[in-house]
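Working notes, structure below.
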Amino acid sequence: MAKASVVVPEQVGAAAAAQVGCPCPGTTLFPYPPPRAGIAVRRKCLQAAQQLELGAGLRGGWVESMRASSPTHAKAAAALAAGVDEEHAAWMARHPSALGEFEKVVAASKGKQIVMFLDYDGTLSPIVDDPDAAFMSETMRMAVRSVAKHFPTAIVSGRCRDKVFEFVKLAELYYAGSHGMDIKGPASRHAAAKSPPHNKGVLFQPASEFLPMIEQVHQRLEQATSSIPGAKVENNKFCVSVHFRCVDEKSWGALAETVRRVVREFPRLRLSQGRMVFEVRPTIKWDKGKALEFLLDSLGFADCRDVLPVYIGDDRTDEDAFKVLRRRGQGVGILVSKHPKETSASFSLQEPAEVMEFLLRLVEWNRLSRTRLRL
Ligand SMILES: O=P(O)(O)OC[C@H]1O[C@H](O[C@H]2O[C@H](CO)[C@@H](O)[C@H](O)[C@H]2O)[C@H](O)[C@@H](O)[C@@H]1O
């Protein structure tokens with residue numbers, strides 16, 4: 001494991017929260033130990049594609065970048081054709097399987113509290129054409145439920161929080177929707193009683209002022225892309241996704257140009273790219289990495305050496321969280337990918353089925369460790 005040692009974590013989450021106006025920086029929002037029931041909380045082309053910032057001069061590279069966003073598309077096909085297994089082997093040596101190296105992962109947690117962070121699409125559910133049909137299997141749900149019984153567990157997704165909850169359906173988890181811009185803790189009668197009815201259990205929404213703007217850009221994007229067959233615009237509350245998975249490749253240039261033109265009308269919004277999707281979001285300095293730190297702080301682990309955050313994700317937006325773990329020198333970043341990708345994660349898993357296996361092994365390992373301690 002690249003970063004097995006623990007460094008003193010800074011209170012970056014609290015500071016970041018303060019930066020965007022968190023009402024309660026440095027405060028423990030989520031009581032710990034975690035609730036049993038009811039307590040209130042992804043070479044060159046790829047690099048160029050990390051951020052399609054407006055005015056970045058990447059016009060010519062947009063379609064290349066859109067191709068690169070589908071690992072099963074150009075890069076993988078080219079790699080297979082050239083028979084470059086070596087590249088894959090070298091990548092696996094740098095990012096070994098979290099299952100193959102399971103003992104190393106759990107050894108890093110010795111004497112520490114594991115906190116689980118799980119991305120949704122491509123991590124807990126397989127990637128499908130229709131974003132509204134990205135269902136999670138019942139067996140995966142049971143695995144996540146078991147993990148949450150042992151460790152505080154959060155879902156960190158680009159999706160709107162309500163939508164990801166509809167898919168996951170587990171009230172005992174922490175949810176960070178809209179790429180971390182909408183954070184909520186587990187359902188708790190006590191906390192709900194204290195919250196205004198419209199705001200039950202909501203802990204942090206650093207981009208609330210952008211809501212009207214997101215509505216506007218959503219409408220403009222729907223209007224502007226309606227003539228492009230297969231384009232789908234998804235309102236994720238504090239951000240908007242424009243999907244091109246079902247758009248004919250010949251129309252990708254036109255779609256990219258359209259999205260770019262619309263987003264230019266909104267200087268306080270920025271454009272980036274995920275897996276066959278454009279992401280439009282506020283320019284605030286908030287991402288999945290900041291959400292991870294916010295959640296750790298809120299759980300009472302701000303200055304704690306005895307915590308091991310484990311973050312599993314498949315997308316470019318998950319890289320922000322992997323970078324935070326590297327910077328802190330604390331935790332385990334696991335990228336879900338069958339293909340070599342530039343990543344700051346230390347380990348890899350190939351697909352959601354392996355994520356499930358990993359989660360179940362973790363539960364079993366923890367159960368056995370606790371039993372051994374009792375004997
Ligand atoms: O952070 P995540 O939970 O991974 O969300 C990122 C985006 O995921 C969804 O889109 C992706 O999955 C779809 C369903 O498999 C697929 O059709 C699409 O091509 C992928 O990009 C979601 O629909 C987006 O809103 C999220 O931003």
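In listed order, ligands and their atoms are each counted from 1. What you are looking at is a predicted structure, and each value in this text was computed from that prediction instead of being measured.
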Task: ligand 1 contact on Val164 by region, counting heavy-atom pairs under 4.0 Å - done: neither
Task: Region of Ser157 engaging ligand 1 - heavy atom pairs below 4.0 Å - done: both
Open item on the list: Salt bridge check, Asp132 against Lys232: does any charged N sit closer than 4.0 Å to a carboxylate O?
Closed with: yes
Open item on the list: Give me each pair satisfying salt bridge (charged side-chain N to carboxylate O under 4.0 Å, His left out) with a member in residues 211-226, each pair once, sequence neighbours excluded.
Closed with: Arg220-Glu265
TODO: Apply side chain to side chain donor-acceptor pair (under 3.5 Å) to Asp162 and list each qualifying residue two or more places apart in sequence or on a separate chain.
DONE: none
- [ ] Would you check the N or O atoms of Arg245, main chain and side chain alike, for any that come under 3.5 Å of an N or O of ligand 1?
- [x] yes
Task: Contact (N/O only, under 3.5 Å) between Thr317 and ligand 1 - done: no
Open item on the list: One thing to verify: whether Asp119 and Lys288 come together as a salt bridge, which I'm taking to mean a side-chain N less than 4.0 angstrom from a carboxylate O.
Closed with: yes
Task: Minimum non-hydrogen distance to atom 5 (O) of ligand 1, winning option of Gly274, Cys239, Gly158 - done: Gly158
- [ ] Check Val277 against ligand 1 and report side chain, backbone, both or neither, counting heavy atoms closer than 4.0 Å.
- [x] side chain
Task: Polar atom proximity, Arg275 to ligand 1 (N or O, under 3.5 Å) - done: yes
Open item on the list: Looking at Glu166 and Lys163, is any side-chain nitrogen of the basic one under 4.0 Å from a carboxylate oxygen of the acidic one?
Closed with: no
